[in-house]
Amino acid sequence: MEACCGPVTPRGNAQRGMNIGEAAARSGVSAKMIRHYESIGLIEAERRSNGYRTYGPQDVAVLRFIRHARDLAFPLEDVRKLLGLWRDRSRASGDVKKMALAHVEALEAKSAALAAMAESLRHLASHCSGDDRPECPILAELEGKDA
């Protein structure tokens, strides 16, 4: 089950010491997004005595997990749930699968909506003369008028 759902390790990071730039480079997540993820509680950085954030290998693993989930267009609230499942050794893989399949349905609905929009624009463009005349069915449609 770990192969499907990632390694599960405790939160502790005995080998902390990376600054935010190093963590960003190793994880593929920008420093700005790391700060954002920290502000919404997806990751928790420790602070050095000088106030700078410090990260360890487990933090980089969490950031990579978040990046991969976001690359698959999971909403942040789903990423939070997936992180919880990833960290939970007693999780049921069925819970992960259920979330993934629900997300597939949402992606397919978005894909269908985008395809319909593309077809609508293609239809409008086919009725536009594309010459020097000012009449344009595309602009008329956007305005809500018939050309």
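By convention here, the first residue in the shown sequence is residue 1. Below, each value reflects all heavy atoms present in this structure, side chains not excepted, and no hydrogens, waters or symmetry copies.
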Q) What is the distance from atom CE of M33 to atom CD1 of I66, rounded to the nearest 0.5 Å? A) 9.0 Å
Q. For M18 and V60, which heavy atoms make the closest approach, and how far apart are they?
A. CE-CG2, 3.5 Å
Q) Under 6.0 Å from the CZ atom of R26, do we count more than 12 heavy atoms belonging to anything else shown? A) no
Q: State whether the side chain of R91 and the backbone N or O of W86 hold a donor-acceptor pair below 3.5 Å, judged by distance alone.
A: yes
Q.
Among residues at least two apart in sequence or on other chains, which ones pass salt bridge (Lys or Arg N to Asp or Glu O under 4.0 Å) with E22?
A. none
Q. Does the T54 side chain pair with the main chain of G17, one donor and one acceptor, at a distance under 3.5 Å?
A. yes
Q: List the atom of R87, the atom of L42, and the distance in Å for their closest heavy-atom pair.
A: NH2-O, 3.9 Å
**Q.** With E119 via salt bridge (Lys or Arg N to Asp or Glu O under 4.0 Å) - residues at least two apart
**A.** R122
Q: Please identify each residue that fulfils side-chain hydrogen bond (donor to acceptor under 3.5 Å, both in side chains) with R67, with sequence neighbours left out.
A: none
Q: Go through the structure and list residues passing salt bridge (Lys or Arg N to Asp or Glu O under 4.0 Å) with D131, not counting sequence neighbours.
A: R133
**Q.** Residue pairs fulfilling side chain to side chain donor-acceptor pair (under 3.5 Å) with at least one residue in residues 28-41, sequence neighbours excluded
**A.** E38-R53
**Q.** Point-to-point distance, once rounded to the nearest 0.5 Å, from OG of S27 to CD1 of I20
**A.** 9.0 Å
Q) For residues 106-135, which residue pairs qualify under ring-ring contact (aromatic ring centres under 6.0 Å, His included), counting only residues two or more places apart or in two chains? A) H123-H127
**Q.** Other ILVMFWY residues reachable from L107 by side-chain steps of under 4.5 Å
**A.** none
**Q.** Contacts of D132 that satisfy side-chain contact (heavy atoms from CB on, under 4.5 Å) - sequence neighbours left out
**A.** none
Q | Residue pairs, two or more places apart or on separate chains, that pass side chain to side chain donor-acceptor pair (under 3.5 Å) and touch residues 105-117 | A | none
Output a table of donor-acceptor pairs, distance under 3.5 Å, between side-chain atoms of residues 71-83 and any protein atom two or more places apart or on a different chain; print 'none' if there are none.
| from | atom 1 | to | atom 2 | distance (Å) |
| --- | --- | --- | --- | --- |
| E77 | OE1 | R80 | NE | 3.4 |
| E77 | OE2 | R80 | NE | 3.3 |
| R80 | NH1 | I40 | O | 3.2 |
| R80 | NH2 | I40 | O | 2.8 |

Q) Could you give the distance from CD (E143) to SG (C136), rounded to the nearest 0.5 Å? A) 11.0 Å
Q: For L63 and A23, work out which heavy atoms get closest and say how close.
A: CD1-CB, 4.4 Å
Q. How far does CG of L139 sit from CG of L124, to the nearest 0.5 angstrom?
A. 10.0 Å
Q. Listed by chain and number, what are the salt bridge (Lys or Arg N to Asp or Glu O under 4.0 Å) partners of E135, not counting sequence neighbours?
A. none
Q | Shared-cluster residues of L114, by chain and number - hydrophobic side chains joined below 4.5 Å | A | M117
